[in-house]
Structure formats: C-alpha cells, structure tokens
Amino acid sequence: MGLKFWDAFMSRKAKGGGDDIVMKELYAAAEEYRIRELCWSICVNMIANAVGRCEIRTFRDGAEFKGREYWLWNFEPNTNQNSTAFLHKLVAKLYEDNEVLIISTRRRDGGEGLVVADQWMLPDNYPSKQNEYRSVVAGNVSYDKTFRENDVMHLKLNNSSIRPVLDGMYKSYVRLVNAAIKNYEWNKGQHWKVTVADMARGQEGWAKSFQEMMQAQVKPFFDSNGAILPEFSGYKYERMEDTSEDSRDIWALVEDIFNFTARGFLIPAVLVNGQIEGTADANKRFLTNCIDPLCDQLQEEGTRKRYGFAQWQAGNYMMVDSSSIIHFDIFENAANVEKLVGSGAYSINDVRRAANQAAITEPWADENYMTLNIATMDEAARQLDQKGGEET
C-alpha cells in the first residue's frame with residue numbers, strides 16, 4: 001500500500017501535476033497512512049504468525065503419511081521460501097486483496113513447487129464453467145499460460161472486502177487524532193497575554209512600537225532556552241493557564257483505531273493492545289473465530305484441488321492442525337497429560353506431538369492406555385467379582 005501511495009504521487013508529478021499537491025496535505029496523508037498501516041500490519045502479522053505455526057498433516061489410506069506433499073507444505077513450498085515465509089505472504093495477500101491465488105510451478109530438479117501469485121486478471125464467473133486466470137504474475141515472472149480453476153488454489157477471505165470500510169473509519173479517526181494533537185501542542189506551547197495600561201496605549205505611534213517590541217524582545221524570549229523579558233511600566237505579562245490534561249486523550253483515540261481494526265479482523269482487542277487480563281479466553285476466541293476458519297478453507301481447497309474426490313474417498317487428504325499455535329508448557333500441564341493418557345483418549349506420542357516433542361519410535365508409545373479406575377459398568381463389575389473371588 002505504501003509503494004502504491006508513493007508511486008501514484010511520483011506518477012502525478014511526472015505528468016506535470018505535482019505542483020498542484022500541497023506539501024502539507026501530502027504530509028497529512030503520509031501520517032494517516034502510518035497510523036492505518038501500523039494497525040493493519042499488527043493484525044495481519046498476528047494472524048500470519050498463528051497460521052505459520054500450524055502443521056499441515058497429510059494422510060494416505062486414512063493413516064498419516066509424511067511424504068513429498070508433507071515436505072512441500074511444512075518445509076519447502078518452493079526454492080526461495082520456507083513454509084513460514086510462504087504462509088506469511090499467503091495471509092498478507094489474502095487480507096490485502098480479500099483473495100489469494102496459489103499456483104503450481106516446476107522446479108529445476110523436476111519437483112513441484114507452490115508460489116503465491118502477486119497479480120492476475122479477475123476471471124469471468126460462470127456457475128457451471130471453470131474460472132480461467134490470465135496474466136498471472138509471481139515475482140518477476142509473467143505467465144502467458146491460462147490457469148484454469150483446477151490448476152490453482154483460490155482462497156477468498158470474505159464475501160466483500162473489509163478494507164474499504166476500515167479505510168473510511170481510519171480517515172474519520174485520523175482527523176480526530178490530528179485535532180487532539182494540535183490541541184495538546186497549543187495548550188503546551190507558550191501563550192501569554194499582555195495587559196497594557198490606558199496611558200501607554202494613548203501614546204502616539206503605540207501600535208507600531210508595540211509590534212517592534214514584540215519582535216525584538218518578546219519573540220526572542222520565547223525562542224530561547226534562557227532569556228530575560230523586560231517589563232516596562234504600563235505593561236503586565238501573564239501566562240495563560242494550560243487547560244490540557246496529558247497525552248492520554250490522544251492515545252485513547254489511537255487505541256480506538258486499534259480496537260476497531262482488530263474487530264474487523266475478528267481478533268479480540270486485548271490481544272492487539274497488549275493487555276494481560278483475559279488473554280486466555282481471548283486466545284480461544286481468536287483461534288475459533290479467526291484462525292480456524294482460515295485453516296478450514298485452506299485444507300478444503302487443498303484437499304479438493306490436490307487430491308480430488310476419488311482420493312479423498314480412499315482416505316487421502318490434507319488437514320491443517322492448529323493445535324500447536326498456543327505454547328504448550330509440558331510441566332504446567334503434567335496433571336492434564338496424565339489424565340489424557342490414563343483415560344485412553346490419547347497415546348503417549350499424541351501428547352508428545354501436541355507438546356512439540358519428537359515421537360518415541362517404539363510400538364508401545366502409539367498404544368492407548370487406561371487406568372483401572374476408568375472402565376465400563378460391566379468391566380467394573382467383573383473386576384469386583386474377581387477381587388471378591390480372590391479374597392475368598
């Protein structure tokens with residue numbers, strides 16, 4: 001967005017219209033851009049960081065399988081990017097343009113690569129016909145090829161983009177912030193009033209001599225770090241009272257911008273503002289309302305385009321696992337780990353995976369265990385009967 005802003009300015013200047021732009025307005029536009037881009041970038045980066053921590057799991061015949069497809073999504077989607085950088089660009093493009101196009105490329109070693117397209121011509125939308133994407137650009141490469149819908153992965157964020165709505169709110173709030181800054185600067189500046197006696201004002205040429213005195217004595221007094229202001233008979237100087245409180249009013253307006261930007265992204269505002277209170281619940285809502293829908297769309301598009309119905313029916317598909325986004329402290333959760341394993345719900349390797357630990361390469365680590373006090377009614381009755389028989 002920043003490059004587009006300055007490109008437009010330089011283009012207008014090259015055409016001879018640069019002189020029409022008032023520098024004050026240009027600086028005001030740049031200031032507005034900095035505020036809005038800061039809020040936008042924080043939210044996009046927060047989402048990209050969360051998606052980048054997800055593991056994209058691949059399955060073959062219903063069982064997890066780590067092959068070439070797993071390597072492609074989790075380590076090296078293309079020659080010049082790792083998976084984290086790739087997903088960061090995907091998320092940034094998705095939120096900037098409300099949609100993103102992923103195309104398949106051929107590497108020099110013959111392998112397949114995935115890249116995020118930077119530009120493409122919007123296709124005509126036909127319900128019963130595949131979309132066709134032309135003039136696709138990725139990096140410095142322009143493709144003459146026409147990509148059909150089956151050839152690409154096309155993700156769309158919302159039915160309509162939130163960017164124009166947020167931009168309109170930015171403009172309104174930036175004017176309020178600028179007004180608050182000007183009011184703060186004015187109140188913190190040097191503002192004095194001079195009481196002039198009637199006798200002094202009645203002197204001939206008073207207005208001219210008064211202006212000369214302001215320029216020669218009073219103005220240097222304000223501009224200097226240390227100076228003396230002479231006070232003549234008939235003149236009384238009095239500093240006006242500072243009616244402003246502090247800069248918190250300005251910061252409150254800036255926080256409002258952060259808050260409505262976060263809401264537009266479905267991010268709880270406390271996570272953007274850096275507050276600590278209520279972050280546990282906020283993280284759950286962030287994952288449920290913001291991250292999981294993105295992961296669902298990515299795995300749906302990946303499964304239907306890279307596998308298809310026949311393979312999906314045979315148990316071949318991909319799944320975006322978002323369980324590793326929140327940091328897992330294994331010592332804090334020791335009691336929970338014992339319950340998970342002891343209830344038979346998860347194996348030891350399942351828990352180690354959630355804790356981002358290497359799996360144990362032993363058969364017993366993939367088995368499910370259950371403590372004796374967790375059993376069905378029939379099993380509990382049998383255990384009681386056996387125990388009674390042993391006692392007799």
Side-chain angles (χ1 to χ4, degrees), residues 1-2 34-57 70-78 80-102 114-118 153 155-158 161-163 166 254-255 257-302 318-330 332-333 353-357:
M1 180 177 175
R34 286 195 295 268
I35 294 177
R36 72 167 72 176
E37 199 63 16
L38 174 63
C39 300
W40 183 271
S41 297
I42 287 175
C43 292
V44 170
N45 289 336
M46 181 176 292
I47 296 170
N49 287 335
V51 175
R53 282 185 57 84
C54 294
E55 180 186 11
I56 300 179
R57 303 166 65 180
Y70 182 88
W71 172 267
L72 191 72
W73 284 103
N74 292 281
F75 293 96
E76 189 181 26
N78 59 69
N80 298 312
Q81 286 181 311
N82 56 40
S83 63
T84 301
F86 172 81
L87 291 173
H88 269 70
K89 183 176 181 179
L90 186 152
V91 171
K93 191 71 176 174
L94 182 61
Y95 277 90
E96 182 68 30
D97 298 336
N98 198 47
E99 58 183 333
V100 66
L101 196 69
I102 304 171
L114 297 174
V115 295
V116 175
D118 295 300
M153 292 177 60
L155 306 180
K156 191 166 184 179
L157 181 63
N158 299 307
S161 177
I162 63 171
R163 189 73 192 244
L166 289 177
V254 175
E255 278 195 337
I257 298 177
F258 278 91
N259 289 342
F260 71 68
T261 303
R263 289 178 180 177
F265 282 83
L266 301 179
I267 300 175
V270 294
L271 299 180
V272 176
N273 292 332
Q275 299 176 7
I276 300 176
E277 297 80 5
T279 53
D281 179 62
N283 277 323
K284 292 179 182 177
R285 288 188 286 127
F286 170 56
L287 295 177
T288 302
N289 299 328
C290 183
I291 300 302
D292 285 345
L294 287 181
C295 295
D296 287 342
Q297 186 177 176
L298 181 58
Q299 70 185 21
E300 290 165 4
E301 187 73 357
M318 60 179 282
M319 183 181 73
V320 182
D321 184 4
S322 61
S323 63
S324 59
I325 293 177
I326 296 179
H327 177 72
F328 184 90
D329 190 324
I330 194 167
E332 276 187 9
N333 292 279
R353 180 177 200 149
N356 201 26
Q357 302 291 319

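Here, residue 1 is the first one in the sequence, and each next residue gets the next number.
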Decide, yes or no, whether a salt bridge links D118 with K89 under the criterion of side-chain N to carboxylate O below 4.0 Å.
-> yes
d(I325 CD1, C295 SG) to nearest 0.5 Å is 5.5 Å
Check against side chain to side chain contact (heavy atoms under 4.5 Å, CB included), I42 and T261 = CA-CA 10 Å; I42 287 175; T261 303; over 6 Å; no
Rounded to the nearest 0.5 Å, how far apart are CD of E300 and CE of M319?
-> 13.0 Å
Determine whether I102 and F86 make a side-chain contact, defined as any pair of heavy atoms from C-beta on separated by less than 4.5 Å.
-> yes
Given the rule in the side chain to side chain contact (heavy atoms under 4.5 Å, CB included) test, do L298 and M153 qualify, once you have shown the distances and angles that lead to the verdict?
-> CA-CA 9 Å; L298 181 58; M153 292 177 60; 4.0 Å; yes
Nearest heavy-atom pair of V44 and A92: which atoms, and what distance?
-> CG1-CA, 3.8 Å
CG of N45 to NE2 of H88: how many Å apart, nearest 0.5 Å?
-> 6.0 Å
List for me each residue that meets ring pair (Phe, Tyr, Trp, His ring centres under 6.0 Å) alongside F286, sequence neighbours excluded, and say none if there are none.
-> none
If you take all heavy atoms of S324 and D321, which pair is closest and at what distance?
-> OG-O, 4.2 Å
Show the numbers, then the answer: is there a side chain to side chain contact (heavy atoms under 4.5 Å, CB included) between L94 and I47?
-> CA-CA 11 Å; L94 182 61; I47 296 170; over 6 Å; no
Between K156 and Q297 the two heavy atoms that sit nearest each other are N-OE1, 2.8 Å
Could you grab the distance from atom OG of S323 to atom CD of E55, nearest 0.5 Å is fine?
-> 8.0 Å
Nearest 0.5 Å please: distance from the CG atom of N78 over to the CG atom of L114.
-> 7.5 Å
Without swapping roles, check the side chain of E301 against the backbone of L155 for a donor-acceptor pair under 3.5 Å.
-> no
Any side-chain heavy-atom pair from V51 and L90 closer than 4.5 angstrom?
-> no
R263 CZ: over 12 foreign heavy atoms closer than 6.0 Å = no
Heavy-atom closest pair (V320 atom, Q299 atom, distance to 0.1 Å) is N-OE1, 2.8 Å
Give a yes or no answer on whether the side chain of T279 reaches the backbone of V270 with a donor-acceptor pair at less than 3.5 Å.
-> no
Partner set under ring pair (Phe, Tyr, Trp, His ring centres under 6.0 Å) for F265, not counting sequence neighbours = W40, Y95
From I267 atom CD1 to N283 atom CG, the distance as rounded to the nearest 0.5 Å = 11.0 Å
Tightest non-hydrogen contact, residues C54 and N74, listed as O-OD1, 4.3 Å
Checking side chain to side chain contact (heavy atoms under 4.5 Å, CB included) against L157, which of V91, L294, V100 comes through?
-> L294
Smallest separation among heavy atoms of I162 and G264, with atom names = CD1-O, 3.3 Å
Quick one: list whatever passes side-chain contact (heavy atoms from CB on, under 4.5 Å) with S83, sequence neighbours left out.
-> P77
Between N98 and N158, does a side chain to side chain contact (heavy atoms under 4.5 Å, CB included) hold up when you go through it step by step?
-> CA-CA 7 Å; N98 198 47; N158 299 307; 3.8 Å; yes
